[in-house]
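Everything on this sheet refers to the single structure shown next.
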Number of protein chains: 2
Amino acid sequence: MESPQTPRTATRKMTKVFKALADGTRQEILQLLEEQPYAVGEIVAKFDLSQPTISRHLSVLKEADLVVDQRRGQNVIYRLNDMALAASMRQFFGRFRSCQEVLR
Amino acid sequence: MESPQTPRTATRKMTKVFKALADGTRQEILQLLEEQPYAVGEIVAKFDLSQPTISRHLSVLKEADLVVDQRRGQNVIYRLNDMALAASMRQFFGRFRSCQEVLR
DNA sequence: GCGACTCATAATCGCTAGGTCATGGGTTCA
DNA sequence: TGAACCCATGACCTAGCGATTATGAGTCGC
């Protein structure tokens, strides 16, 4: 069940989502996960950044509910949270008349 | 005519847009401008922030191409740049399969 | 031109964000 | 149990952000 959202908490949540999206590396991670789920180590291998840094970025994305993690043996698999991404998108842009025509 | 965009410049632009959106005050300003255009002074009157602060926020939104300004006598009128907002939205979320069904 | 009004910009300050290295906790396997 | 592997977290540094006050640059009316 969805708990009711006040406009305030909705705004805070959107801010968290936008902050998560407001970084080039995190955008690239999301696009990577759009292909398929990946383990942290695999993601690290695709960037020129340290493992802790990537782990931090993943944490931010998770906090924003844009990805979901799942332990699989020694590995932790991250996958895109499609539904949450689409939902955030609807929620924010739905407030703008001019964007209504782009949403269905 | 649209100038061609490399993926890199597209990502940079999206980052600028998301950074602009990643602030509660700026989100509120956008929603305010969604009603109708407003002069800077009018916007300042609706927030509990100083005039320079609001001016800064407007500058950020303008840099992200989310608003447009126009001098009108002593005043400067800001209006929402609907088309650019919708375009950014399409451009980013269009990359995600799961969002395709939300875009038309 | 002068004063009043409106807004943008400069200088500054405290806090957050993104990066690093070092370390700790969970899991597997012998 | 202990060693090896994978990942998260802590401590730290630098850069950027959001806020302020003070000031400068356009514009209007006299």
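So that the names make sense, note that chain A is the first sequence line, chain B the second, and so on, each numbered from 1.
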*Specify the residue among A:V40 and A:K19 whose closest nucleotide of DNA chain D lies further upstream toward the 5′ end.*
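Comparing both residues, the 5'-ward one is A:V40.
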So does [X] get a side-chain nitrogen or oxygen closer than 4.0 Å to the phosphate oxygens (OP1/OP2) of [N]?
X	N	result
A:N75	D:dC7	yes
B:S50	D:dA19	no
A:T53	C:dT20	yes

*Kindly indicate whether the side chain of B:R26 and the base of D:dG18 share any N or O donor-acceptor pair separated by less than 3.5 Å?*
no
*asked:* Is there, by distance only and without an angle test, a donor paired with an acceptor across the side chain of B:Q74 and the base of C:dA4 below 3.5 Å?
replied: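 Between C:dA4 and B:Q74, which were checked side chain against base, a qualifying N/O pair under 3.5 Å is absent.
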Using whole Å, what does the distance between atom [atom2] of nucleotide [N] and atom [atom1] of [X] come to?
X	N	atom1	atom2	result
A:D23	D:dC17	CG	C1'	14 Å
B:F47	D:dG18	CZ	P	14 Å
A:R72	C:dT28	CZ	P	12 Å
A:D69	D:dC7	CG	P	11 Å
B:H57	C:dT9	NE2	C1'	15 Å
B:L58	C:dT9	CG	P	11 Å
B:Y38	C:dC7	OH	P	14 Å
B:L61	C:dA8	CG	C1'	15 Å

*Nearest nucleotide by nearest heavy atom, which residue falls closer to the 5' end of DNA chain C, B:I77 or A:L49?*
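Result of the comparison: B:I77.
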*Name the nucleic acid region contacted by A:R56, choosing base, sugar-phosphate or nothing; use a 4.0 angstrom heavy-atom cut-off, strictly under.*
base
*From the list D:dT27, C:dA8, D:dA8, which nucleotide is the closest neighbour of the side chain of B:R71?*
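Selected nucleotide: D:dT27.
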*asked:* If you only use heavy atoms from C-beta on, which nucleotide in D:dT9, D:dC7, D:dA19 is closest to the side chain of A:A39?
replied: D:dC7
*Indicate yes or no: at least one non-hydrogen side-chain atom of A:F96 is less than 4.5 angstrom from one of B:L80.*
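Contact flag for A:F96/B:L80 side chains = yes.
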*B:E34/A:R95 ion pair, N-O < 4.0 Å*: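 No, this pair does not count.
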*Shortest non-hydrogen contact from A:T25 toward A:H57*: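 Looking at all heavy atoms of both residues, the shortest contact is CG2-CD2, 3.7 Å.
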*Can you tell me how far CG of B:D69 sits from CG of B:L61, rounded to the nearest 0.5 angstrom?*
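Atom-to-atom, B:L61:CG and B:D69:CG are 11.5 Å apart.
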*Could you tell me the separation between the CZ atom of A:F93 and the CG atom of B:L21, rounded to the nearest 0.5 Å?*
6.0 Å
